Amino acid sequence: MLVKPTVSDLLGKVGDNRYALVIMTSKRARQIASGSPVRTTEKDRSVVTLAADEILEGQVTKIEETESEE
């Protein structure tokens, strides 16, 4: 369970879309687990918490995907 940062704090960073928050956090957590440098000064063992901290600090942002025209 994610206690800090709170889900409500994180939702403000992704536009109140819980699905987008989950996708964003999981993608970043996988990157950290694969060896990507951590962008936060927080020290934690959980890659999910590290990813959430980065989102809260604005180190990671959501990229809008656009549909390609055919």
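Note that this is a predicted model, so its numbers are computed, not measured. Below, each value reflects all heavy atoms present in this structure, side chains not excepted, and no hydrogens, waters or symmetry copies.
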Checklist entry - Rounded to the nearest 0.5 Å, how far does CD of Glu54 lie from OG1 of Thr49? => result 11.5 Å
Next on the checklist: How long is the straight-line distance from CG of Asp53 back to CG of Leu10, given to the nearest 0.5 Å?
Outcome noted: 8.5 Å
Item to check | Closest non-hydrogen atom pair between Ala51 and Ala29, with its separation | outcome: CB-N, 3.7 Å
Checklist entry - In terms of hydrophobic clusters joined by side-chain contacts under 4.5 Å, are Leu11 and Val60 together? => result yes
Checklist entry - How would you list all residue pairs meeting side-chain hydrogen bond (donor to acceptor under 3.5 Å, both in side chains) that involve residues 8-17, not counting sequence neighbours? => result Thr6-Ser8, Thr6-Asp9
Checklist entry - Taking only residues two or more places apart in sequence, or in another chain, which ones meet Glu57 in a side chain to side chain donor-acceptor pair (under 3.5 Å)? => result Thr40
Next on the checklist: So, taking the atom named CG in Leu50 and the one named NZ in Lys43, what distance separates them when rounded to the nearest 0.5 Å?
Outcome noted: 8.5 Å
Next on the checklist: Do Val14 and Val7 land in one hydrophobic cluster if side-chain heavy atoms of ILVMFWY residues count as linked below 4.5 Å?
Outcome noted: yes
Item to check | Test side chain to side chain donor-acceptor pair (under 3.5 Å) applied to Ser36 - qualifying residues, sequence neighbours left out | outcome: Arg28
Next on the checklist: Using a 3.5 Å distance criterion without hydrogens, assess whether the side chain of Ser26 forms a donor-acceptor pair with backbone atoms of Ile23.
Outcome noted: yes
Checklist entry - Can you list every salt bridge (Lys or Arg N to Asp or Glu O under 4.0 Å) pair that touches residues 33-42, not counting sequence neighbours? => result none
